[in-house]
Structure formats: structure tokens, C-alpha cells
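Read through the structure below, which is laid out as C-alpha cells, and then see the notes.
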Amino acid sequence: MPKNKQHKYDKVGVGVLTGLVLPLIIFFIVYLTGENDMSFLDYITGMRRMQALVKIGSLCVFTNVGAFWIFLHLKYEKAARGVLGATILYALLVLILRAG
């Protein structure tokens with residue numbers, strides 16, 4: 001029986017890393033494209049003060065849907081599971097921050 005060869009990127013760790021980093025990159029891009037002259041830390045502080053940080057962060061996590069779909073399309077099921085796990089971690093973080 002031929003053994004199924006696993007692609008080097010079809011790993012849960014690759015998916016988790018993708019799922020954790022991609023929303024952060026999108027958040028930083030949102031900061032860079034905004035029309036403000038403040039530092040990144042001031043931006044985060046202002047968003048937190050306006051109670052918008054969790055909302056914007058939640059929207060950034062939607063990019064994980066695209067990563068999940070791409071991994072599934074490439075038949076990298078383990079990597080897709082990792083993205084799903086990272087998304088669940090973000091969801092738990094949002095629930096904790098909203099409750100607090």
C-alpha cells in the first residue's frame with residue numbers, strides 16, 4: 001500500500017500560527033491605513049477607551065475564514081484544524097474581554 005505523503009505545511013502548528021498571526025497583521029494594516037497621526041500604542045489605548053478594540057479585533061479574525069478555506073482547498077486538513085483552533089482561542093478571548 002502506498003503511504004500518503006504529508007505536505008510539509010499540513011501541520012496543526014502551521015495552522016495555529018497562521019490563525020494567530022493573520023488577524024494581528026490585518027489589525028496593523030487597519031492602523032496603518034487609518035487617517036491618524038498617533039503612535040500604535042496610543043491607537044490601541046484610544047480604541048480601548050472607546051470600547052472598540054474588541055470589536056475591531058473580532059472583525060480581523062474573519063480573515064481566518066479565508067485561511068481555513070485555502071487550507072481545505074489545498075487538502076491541508078491538519079493546518080485547517082489549526083486555524084480553527086486559533087479562531088476558537090480568539091473567540092474565548094473576546095468572551096472573556098466582553099465579560100470583564
Out of curiosity, Arg48 CZ to Thr45 OG1, how far, rounded to the nearest 0.5 Å?
8.0 Å
In Å and rounded to the nearest 0.5 Å, what is the OH to OG1 distance from Tyr9 to Thr18?
10.5 Å
Grab the two heavy atoms, one from Glu77 and one from Lys75, that are nearest each other, plus how far apart they are.
OE1-O, 2.9 Å
Side-chain contact test, heavy atoms from C-beta onward, threshold under 4.5 Å: evaluate it for Val16 versus Leu20 and give yes or no.
yes
To the nearest 0.5 Å, what is the distance between CD1 (Ile56) and CE (Met50)?
6.5 Å
Any link between Leu59 and Tyr31 through a network of hydrophobic side chains (Ile, Leu, Val, Met, Phe, Trp, Tyr) touching at under 4.5 Å?
no
Under 4.5 Å between side-chain heavy atoms, hopping through other hydrophobics if needed: is there a path connecting Met38 to Val30?
yes
Can you tell me if CZ on Phe40 sees more than 12 non-hydrogen neighbours from other groups inside 6.0 Å?
yes
How about Tyr76 and Val14: do any of their side-chain heavy atoms sit closer than 4.5 Å?
no
Quick check for you: to the nearest 0.5 Å, what is the distance between Ile25 atom CD1 and Thr63 atom OG1?
9.0 Å
Is it true that Leu53 and Leu97 fall in one hydrophobic cluster, defined by side-chain heavy atoms closer than 4.5 Å?
no
Would you confirm whether Tyr90, through its side chain, and Ser58, through its main-chain N or O, come within 3.5 Å as a donor-acceptor pair?
no
Consider only side-chain heavy atoms of I, L, V, M, F, W and Y, link residues closer than 4.5 Å, and tell whether Leu22 and Leu92 are in one cluster.
no
Any side-chain heavy-atom pair from Thr87 and Phe68 closer than 4.5 angstrom?
no
Between Leu89 and Leu93, is any pair of side-chain heavy atoms under 4.5 Å apart?
no
Grouping I, L, V, M, F, W and Y whenever their side-chain heavy atoms are under 4.5 Å apart, do Leu72 and Val83 come out in a common cluster?
yes
If I compare all heavy atoms of Ile26 with all of Cys60, which pair ends up nearest, and what's the gap?
CG2-SG, 3.9 Å
Going by heavy atoms in the side chains, are Ile44 and Phe27 under 4.5 Å from each other?
yes
